[in-house]
K.L.:
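I'd like to ask some things about the structure below.
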Amino acid sequence: MKTLFRVGGKMKAMIATLIMMLSSQLLANSFDNFGQTNVHNKDIQNIIIKTKSKFNLQTMGMSRSVMAQRPIIDELNIHLLKVNPSLNVNAILAEVRKNPNVVYAQLDHKVTARVANGPNDTDFANEWSMGDTNGFGIDAINAWATYGTGGKDANNNDIVVAVVDGGIEITHDDLVDNIWVNEAEIPGNGIDDDQNGYVDDIHGWNAFTNSGEQKTNSHGTHVAGIIGAKGNNNHQVAGVNWDVKIMNVPGSSGNTSVVLTAYKYVLDQKKLWLATNGAQGANIVSTNSSFGVDRANCNSGSYPAWNDIYTEMGKVGILSAAATANNDYDVDKVGDVPTGCDSPFIISVTNSNNTGERDFAGFGKKAIDLAAPGTDIFSTFSGNSTAKLTGTSMATPHVAGAVAFLNSVASQTLTDLYKNDPENAALEMKRIILETVTKRPSLENETVSGGILNLNAAAAEVVSYGLGR
Ligand SMILES: [Ca+2]
Ligand SMILES: [Ca+2]
Ligand SMILES: [Ca+2]
């Protein structure tokens, strides 16, 4: 069975901000709130502490573990402690918190720039889909301003999106910094250097040729830019994630076996990552699948392999954002592969336009989870260029990108769930994405969620996941 692509037609004054954010965070929270900033724990060796009475290293029994200290806000008894680099800062933090003289203690989290007015990318004005919900965008601008702009998760892991498509122009100026690299593999030497079963898989795997040979394609390049074109680099466009790792897995248009080969690589890399505690493989949290088989009944018995692979990927914490047909019909009635498939780890996406309406794309109260902007989407294109394209192919990467973005801002609890119980973490992530959509009356009976992807609203949920409010 052939599959087809689914294309239809300032920075603020940092010092002042830093001080404001630091003090407001200290006043507002008694303990860690990892979601407030991007956290890179492995890079952090300092603890911020508030004591009941005057701070003294010796009387608190901390002179061995703490090398230096200085007051930050005297009148509040807030101090900065420099922990001995040979010690585990998290273990020291746990000890410090037990001290009866400690009101609270937290890591000296890194604070990333929050760009309030959108990025400086030269073509950003064309990216209506990143705008707020009044313009029926995904409200990325507010999400970036409030929560961060992508990057690593709370445990300092890279976040990877696998783009199963026709290939990506990995040398594209606005993508090159965000392309996944298998650091343990030496390219082009005909040897499987990292012994992961794939020879020369430097940026992913080419399922068409079953080789590490790269392949480029304008459709895949456009999809990749929506997920993660480099943001705020004064060039072209900004993706949902300004920093992310995009894995290039050519393998969409073609036969089902090609698609399955592509997904198998993704599955293998995530399994390896989990098994080696992040030493090898890739922390893939979502796949983008902007292709499919029109009018096919996934649950008819003719397509059993599809549900199987999505569920197998789901068990290791991978959600698959899938584009429904570019056709004005009810998928619940006429069928679609893969968006009509039952696997709970698929997020089925239809296309909405800048009036907040579905735009010549499949729908289904049962099968189609949500809408995302897909009409007149401006993104990266072959030849270091940009282009405007329309279709569910363009809607879907907003969702695949959102899963990655939400991992970058997720609370410590949700991040740990991804590691310890990836299957349930993925289902929780999907639930949050569907529960936080921008509701639209016209989508009520046409989708499961009844609305359009809302990145900012979803981010507000994952930031506080498990903290209680
Ligand atoms: Ca290899
Ligand atoms: Ca090699
Ligand atoms: Ca850019």
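For ligands, and for the atoms within them, numbers begin at 1 and follow the listed sequence.
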K.L.:
For the NZ atom of Lys264 and the CE atom of Met313, what is their distance to the nearest 0.5 Å?
P.N.:
11.5 Å
K.L.:
Counting the benzene-type ring for Trp, do Tyr310 and Tyr263 have ring centres under 6.0 Å apart?
P.N.:
yes
K.L.:
With the side chain counted from C-beta on, respond yes when Val160 and Val285 share a heavy-atom pair under 4.5 Å apart, and no when they do not.
P.N.:
no
K.L.:
When you measure from the side chain of Trp128 to the backbone N and O of Thr375, does any donor-acceptor pair fall under 3.5 Å?
P.N.:
yes
K.L.:
Below 4.5 Å, heavy atoms only, C-beta onward: do Trp205 and Asn210 meet side chain to side chain?
P.N.:
yes
K.L.:
Tell me whether the Ca ion (ligand 3) has Thr122 as a neighbour, meaning an N, O or S atom of it below 3.0 Å.
P.N.:
no
K.L.:
Any side-chain heavy-atom pair from Glu183 and Asp194 closer than 4.5 angstrom?
P.N.:
no
K.L.:
So, 3.0 Å as the limit: is an N/O/S atom of Ile202 located closer than that to the Ca ion (ligand 2)?
P.N.:
no
K.L.:
Taking 3.0 Å as the cut-off, does an N/O/S atom of Tyr198 lie below it from the Ca ion (ligand 1)?
P.N.:
yes
K.L.:
State the atom name: nearest N, O or S atom of His235 to the Ca ion (ligand 3).
P.N.:
O
K.L.:
In Asp192, what N, O or S atom is nearest to the Ca ion (ligand 1), if we give its atom name?
P.N.:
OD1
K.L.:
Check whether any N, O or S atom of Gly188, backbone or side chain, sits closer than 3.0 Å to the Ca ion (ligand 2).
P.N.:
no
K.L.:
For the metal site, I want the angle between atom OD1 of Asn189 and atom O of Ile186 with the Ca ion (ligand 2) at the apex, to 10°.
P.N.:
90°
K.L.:
Would you mind checking if Arg6 and Asp165 are paired as a salt bridge, meaning a charged N to carboxylate O distance below 4.0 Å?
P.N.:
no
K.L.:
Could you check which N/O/S atom of Asp200 is closest to the Ca ion (ligand 2)?
P.N.:
OD1
K.L.:
Is there a side-chain contact between Ile347 and Leu370 (heavy atoms, below 4.5 Å)?
P.N.:
yes
K.L.:
Considering only N, O or S atoms, which atom of Asp193 is nearest to the Ca ion (ligand 2)?
P.N.:
OD2
K.L.:
Is there a donor in the side chain of Asn354 and an acceptor in the side chain of Asp376, or the other way round, less than 3.5 Å apart?
P.N.:
no
K.L.:
Contact between Tyr198 and Asp268 at the side-chain level, heavy atoms closer than 4.5 Å - yes or no?
P.N.:
yes
K.L.:
Between the Ca ion (ligand 3) and Asp123, is there an N, O or S atom separated by less than 3.0 Å?
P.N.:
no
K.L.:
For the Ca ion (ligand 1), which N, O or S atom of Asp201 is at the shortest distance?
P.N.:
OD1
K.L.:
What is the name of the N/O/S atom of Glu185 that is nearest to the Ca ion (ligand 2)?
P.N.:
OE2
K.L.:
Measure from the Ca ion (ligand 1) to every N/O/S atom of Asp194 and report the name of the nearest one.
P.N.:
OD1
K.L.:
Looking only at N, O or S atoms in Asp121, which is nearest to the Ca ion (ligand 3)?
P.N.:
OD1
K.L.:
Indicate if the distance from the Ca ion (ligand 3) to the nearest N, O or S atom of Ala238 falls below 3.0 Å.
P.N.:
no
K.L.:
When you check the gap from the basic side-chain N to the acidic O, do Lys152 and Asp243 get nearer than 4.0 Å?
P.N.:
no
K.L.:
Do any of the N, O or S atoms of Asn196 sit under 3.0 Å from the Ca ion (ligand 1)?
P.N.:
yes
K.L.:
Suppose we only count N/O/S atoms under 3.0 Å; would Phe124 qualify as near the Ca ion (ligand 3)?
P.N.:
no
K.L.:
Once rounded to 10°, what is the value of the angle centred on the Ca ion (ligand 3) between Asp174 OD1 and Lys230 O?
P.N.:
90°
